[in-house]
Amino acid sequence: MSFSLATWNINSVRLRADLVTKLLREEAPDVLCLQECKSPVDKIPVELFAAAGYRHIVARGQKGYNGVAILSKLLVEDVGHRDFVARGDARHVAARLENGVTIHNFYVPAGGDLPDREVNEKFGHKLDFLTEMRDWFHGETPAKSILVGDLNIAPREDDVWSHKQLLKVVSHTPIEVDHLAQVQDSAGWVDVTRKDIPEGQLYSWWSYRARDWDAADKGRRLDHVWATPDIANAAHSSRVLRDARGWEKPSDHAPVFATFDL
DNA sequence: ATGGTTGCACAGCAA
């Protein structure tokens with residue numbers, strides 16, 4: 001059995017519902033994980049997605065902020081969520097496919113501007129969120145699991161347009177990279193995207209603030225697809241749909257894809 | 001060095 005999956009920070013699922021359906025119709029992943037839906041669950045345009053063939057939806061939402069959803073052509077079971085750092089934020093949801101694979105969809109806090117928890121509470125929140133992810137997965141020791149989402153960290157030097165210029169910029173600081181590595185180590189998570197594309201610059205996010213995002217190409221790889229070691233070797237064909245960043249009224253993130261043969 | 005844009009929701013915060 002083979003299935004494909006994509007993760008996309010949509011930055012408002014209602015404003016960009018037509019872009020979601022465009023992606024579903026043109027790229028047709030079996031499962032699409034969305035972050036930053038910025039919508040209560042009951043206001044997600046589920047009929048639109050069902051009409052495109054995605055009849056199974058597992059989501060957590062809140063008004064205006066955060067929000068994660070898993071849209072699927074395949075039957076999925078809602079296997080819950082965890083309120084990381086106990087703020088009542090909708091930043092995690094999990095679903096299980098009939099083949100036994102569990103998919104965790106995360107929206108990790110962005111962390112504010114200053115990379116110092118003493119002066120920026122949001123940075124501390126981000127680090128604490130990552131620490132709780134590490135401890136949770138360490139205790140769970142998951143098998144046949146996939147973890148995707150906007151993790152808001154670009155860990156490698158070639159995951160950012162300038163390693164040197166971003167060392168003190170939130171998303172690429174050594175302490176964040178270390179925290180993310182500890183999450184990854186907690187369950188032996190394999191970075192599927194980099195397993196498939198080991199070399200070269202690779203980005204999934206480009207700021208809205210650039211005059212010409214495509215020409216400047218000052219991107220970062222903030223969106224990730226990870227898998228536990230038992231299924232990581234079944235993954236292939238990873239890619240970033242950079243084109244989507246150039247669509248009309250785009251999200252600032254592009255979707256990241258992977259396929260699993262199980 | 002600074003400011004640049006977007007979404008939500010209607011001011012200013014979060015990203």
Side-chain angles (χ1 to χ4, degrees), chain A residues 7-23 33-45 48 59-69 83-92 105-117 119-130 148-155 159-162 164-173 175-177 179-180 203-224 242 244-256:
Chain A
T7 178
W8 195 13
N9 178 318
I10 192 62
N11 188 17
S12 176
V13 72
R14 282 184 280 173
L15 190 70
R16 285 185 244 282
D18 55 336
L19 294 190
V20 174
T21 53
K22 177 179 168 72
L23 185 89
C33 297
L34 297 172
Q35 304 87 33
E36 275 209 272
C37 296
K38 294 185 173 178
S39 172
V41 172
D42 61 8
K43 297 215 168 126
I44 296 174
L48 215 54
R60 297 294 183 273
Q62 63 190 94
K63 192 178 159 188
Y65 297 99
N66 308 321
V68 285
D83 180 13
F84 288 86
V85 200
R87 301 203 172 201
D89 285 351
R91 293 182 178 274
H92 169 251
N105 182 15
F106 276 95
Y107 174 49
V108 171
D113 286 332
L114 296 170
D116 178 352
R117 68 182 306 154
V119 296
N120 170 20
E121 179 272 336
K122 290 199 280 279
F123 193 70
H125 175 213
K126 182 179 195 175
L127 297 179
D128 292 347
F129 192 103
L130 291 160
V148 305
D150 177 3
L151 306 185
N152 264 315
I153 296 172
D159 290 337
V160 293
W161 65 276
S162 168
K164 199 172 167 186
Q165 285 178 259
L166 288 172
L167 271 171
K168 292 179 178 170
V169 174
V170 172
S171 72
H172 191 61
T173 64
I175 189 168
E176 290 169 89
V177 171
H179 275 63
L180 190 69
Y203 315 137
S204 65
W205 172 88
W206 294 262
S207 173
Y208 283 129
R209 298 177 192 181
R211 272 191 211 98
D212 184 340
W213 71 272
D214 195 27
D217 201 21
K218 292 185 172 179
R220 307 176 201 170
R221 189 172 70 102
L222 304 179
D223 302 277
H224 298 267
R242 184 181 171 118
R245 181 61 179 81
W247 290 351
E248 189 75 18
K249 292 278 281 176
S251 167
D252 45 356
H253 294 251
V256 181

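The chains referred to below are lettered A, B, ... by the order of the sequence lines, with proteins before strands, and numbering in each begins at 1.
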Practice problem: Tell me which of A:Asp113 and A:Pro250 sits closer to the 5' end of DNA chain B, going by the nucleotide each one is nearest to. | Solution: A:Pro250

Quiz item: Which sits closer to the 5' end of DNA chain B, A:Asp252 or A:Ser12, going by the nucleotide each is nearest to?
Solution: A:Ser12

Roughly how many Å apart are [M] and [N], using the [atom1] atom of each and rounding to a whole number?
| N | M | atom1 | result |
| --- | --- | --- | --- |
| B:dG3 | B:dG7 | P | 22 Å |
| B:dC10 | B:dA14 | C1' | 16 Å |
| B:dA15 | B:dG4 | C1' | 14 Å |
| B:dT6 | B:dA1 | C1' | 23 Å |
| B:dA9 | B:dT5 | P | 22 Å |

Quiz item: Taking any atom under 4.0 angstrom from a heavy atom of chain A, which nucleotides of DNA chain B are the first and last to qualify, 5' to 3'?
Solution: B:dG4 to B:dA15

Exercise. Side-chain contact test, heavy atoms from C-beta onward, threshold under 4.5 Å: evaluate it for A:Lys122 versus A:Val170 and give yes or no.
Key: no

Quiz item: Charged N to carboxylate O under 4.0 angstrom, A:Asp89 versus A:Arg87?
Solution: no

Quiz item: Contact class for A:Arg14 vs. all strands (heavy atom < 4.0 Å): base, sugar-phosphate, or nothing?
Solution: nothing

Quiz item: With A:Trp213, which of A:Tyr208, A:Trp206, A:Trp161 fulfils ring-ring contact (aromatic ring centres under 6.0 Å, His included)?
Solution: A:Trp206

Quiz prompt | With sequence neighbours excluded, residues passing side-chain hydrogen bond (donor to acceptor under 3.5 Å, both in side chains) with A:Ser251 | solution = none

Quiz prompt | Contacts of A:Trp205 that satisfy side-chain hydrogen bond (donor to acceptor under 3.5 Å, both in side chains) - sequence neighbours left out | solution = A:Asp252

Quiz item: Any side-chain donor paired with an acceptor under 3.5 Å for A:Gln35 and A:Thr7?
Solution: yes

